[in-house]
Number of protein chains: 2
Amino acid sequence: MAQAAGELTLNQSQVLGHLRAANAPMTAYQLLGRMQNDRGAVAPPTVYRALKALEEAGLIRRIETLRAWAPVATVRPGVVVICDDCGTVRGVEAPGLLESLHERLVAEGFAEARKTIEVHGRCGDCAEDRA
Amino acid sequence: MAQAAGELTLNQSQVLGHLRAANAPMTAYQLLGRMQNDRGAVAPPTVYRALKALEEAGLIRRIETLRAWAPVATVRPGVVVICDDCGTVRGVEAPGLLESLHERLVAEGFAEARKTIEVHGRCGDCAEDRA
DNA sequence: TGGATATACGTTATAGTATAACATAGCGCA
DNA sequence: TGCGCTATGTTATACTATAACGTATATCCA
């Protein structure tokens, strides 16, 4: 069951599909539940393997502070903004910010490999709802 | 067993002591092991309760990307820099950077409550060791 | 004084997140 | 055909975190 490079397997595309259909990040076990609805018996490694492959392909990322996963389409750049009321997540572009942090660390001799920037709070829509 | 505000209980000061003695963040269960060495039977809630109190007191913080805990040195730094080789963690102050991100989000109507910024890579010392 | 309340901790059990290890199956190709 | 590769299945277990309930001690104040 070899797989052409750049294409998704069935597991992977199902997991990605569920993540893209959701309006908030999903935990691995929420995904597992969906997969079991779709297909019957599915075990955790099936989901975790798909998540790993999708993450390596740059199609999803883990939201560390939520222990959950989101498609990069909703979260693309470096800064992830999370509304604790409605659960939605979006990416904010802040190239200058990331750049200056990078410079700063390089100057201190630190070789940066991976950045996680997550901001929690309440989005404008939810603030209005409570106004 | 009420506790004067601002003072640490025995559990809390033992947990904090272990974290300060370590040269890298520790997981809750590593701490649990140390506590058991010190005192015999100790259960997870004892450790987690101490961690929660210490975090609320601003004395430690959870390193999300490591699922581990580290003491906070004096000022609460905005950016946590983690060496994946030696495991050490340090805080970097970057007030301008955080400020500009904050402005940016306020402009979009987002009310920020909590930020997590963690950078992984290799520190200068470890780069030298491998040179 | 004594009882209502609050806080910390003990204890048991369980929920939630993630991976190790080994087995099976399909595919490309020498 | 038989070998090696990759994806998936399957079982078990490790690791992280919290719920729920019980006990002890301190504090407040009627």
Side-chain angles (χ1 to χ4, degrees), chain A residues 1-19 22 24-57 59-70 82 87 116 118, chain B residues 1-19 22 24-57 59-70 87 114 116 118:
Chain A
M1 203 185 274
Q3 185 68 18
E7 293 183 18
L8 298 184
T9 68
L10 179 61
N11 276 337
Q12 290 161 22
S13 61
Q14 286 188 354
V15 166
L16 184 57
H18 284 303
L19 287 176
M26 295 179 72
T27 69
Y29 277 71
Q30 286 171 337
L31 285 163
L32 180 61
R34 301 290 176 87
M35 298 285 274
Q36 288 168 338
N37 278 348
D38 295 347
R39 294 165 45 183
V42 176
T46 297
V47 170
Y48 280 100
R49 283 194 282 237
L51 290 171
K52 180 164 184 278
L54 291 168
E55 185 170 42
E56 284 169 355
L59 294 170
I60 64 171
R61 68 181 281 181
R62 187 180 135 97
I63 310 301
E64 300 289 343
T65 50
L66 298 177
R67 286 90 143 168
W69 307 78
I82 301 147
T116 297
E118 299 175 9
Chain B
M1 202 186 275
Q3 185 68 18
E7 293 183 18
L8 298 184
T9 68
L10 179 60
N11 276 336
Q12 290 162 21
S13 61
Q14 286 188 353
V15 166
L16 183 57
H18 284 302
L19 287 175
M26 296 178 72
T27 69
Y29 277 70
Q30 287 170 338
L31 286 163
L32 180 60
R34 301 290 177 87
M35 298 284 275
Q36 287 168 339
N37 278 349
D38 296 347
R39 293 165 45 183
V42 177
T46 297
V47 170
Y48 280 99
R49 283 193 282 236
L51 290 171
K52 180 165 185 280
L54 291 168
E55 185 171 43
E56 285 168 355
L59 294 170
I60 65 171
R61 65 183 285 177
R62 184 176 194 267
I63 310 300
E64 300 288 344
T65 50
L66 298 177
R67 286 91 144 166
W69 305 78
R114 180 165 68 91
T116 297
E118 298 176 8

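Lettering of chains follows the sequences in order, A, B, ..., and the numbering in each one begins at 1. Hydrogens, waters and symmetry mates play no part in the numbers below; they use all other heavy atoms, side chains included.
Residue B:R39 contributes atom CZ, which lies 11 Å from atom C1' of C:dA8 at whole-angstrom precision. Counting to the nearest Å, the C1' atom of D:dT8 and the NZ atom of A:K52 are 14 Å from each other. Rounded to whole Å, the distance from CD on A:E56 to P on D:dT6 is 13 Å. The CG atom of B:L66 sits 19 Å away from the P atom of C:dT17 (whole-angstrom rounding). Atom P of nucleotide D:dA14 and atom CD of B:Q30 are separated by 17 Å, given to the nearest angstrom. Look at CD1 on B:I63: it is 16 Å from C1' on D:dT16, rounded to the nearest Å. Rounded to whole Å, atom C1' of C:dT7 lies 11 Å from atom CD of B:Q12. To the nearest angstrom, P of C:dA18 lies 11 Å from CD of A:E55.
The side chain of A:P44 has C:dT19 as its nearest neighbour among D:dG9, D:dA17, C:dT19. Closest to the side chain of A:T9, out of C:dA8, D:dA7, D:dG9, is D:dA7. Listed candidates were D:dA7, D:dA17, C:dT17. Nearest to the side chain of A:R62 is C:dT17.
Stacking between A:Y29 and C:dT17 is present: the aromatic ring centre lies within less than 5.5 angstrom of the base six-membered ring centre, and the two planes differ by under 30 degrees. Here B:Y48 does not count as stacked on D:dT18, because the ring centres are not under 5.5 angstrom apart with planes under 30°.
For B:E118 (side chain) and B:T65 (main-chain N/O), a donor-acceptor pair under 3.5 Å exists by modelled atom type. Between the side chain of A:T46 and the backbone N or O of A:V42, no donor-acceptor pair lies under 3.5 Å.
The nearest heavy atom of DNA chain D to B:P45 and to A:A43 marks one nucleotide each, and the one closer to the 5' end goes with A:A43.
Taking 4.5 Å as the limit, every side-chain heavy atom of B:I63 sits out of range of all side-chain heavy atoms of B:W69. Using a 4.5 Å heavy-atom cutoff, the side chains of B:R34 and B:Q30 are not in contact. Looking at heavy atoms from C-beta onward, A:V47 lies in side-chain contact with A:M35 at the 4.5 angstrom threshold.
Between B:T46 and the phosphate of C:dC9, there is no side-chain N or O to OP1/OP2 separation shorter than 4.0 Å. Listed pair A:R49 / C:dA18 fails the phosphate criterion, with no side-chain N or O lying under 4.0 Å from OP1 or OP2. For the OP1/OP2 pair of C:dG16 and a distance below 4.0 Å, the side-chain nitrogens and oxygens of B:R67 include no atom meeting the criterion.
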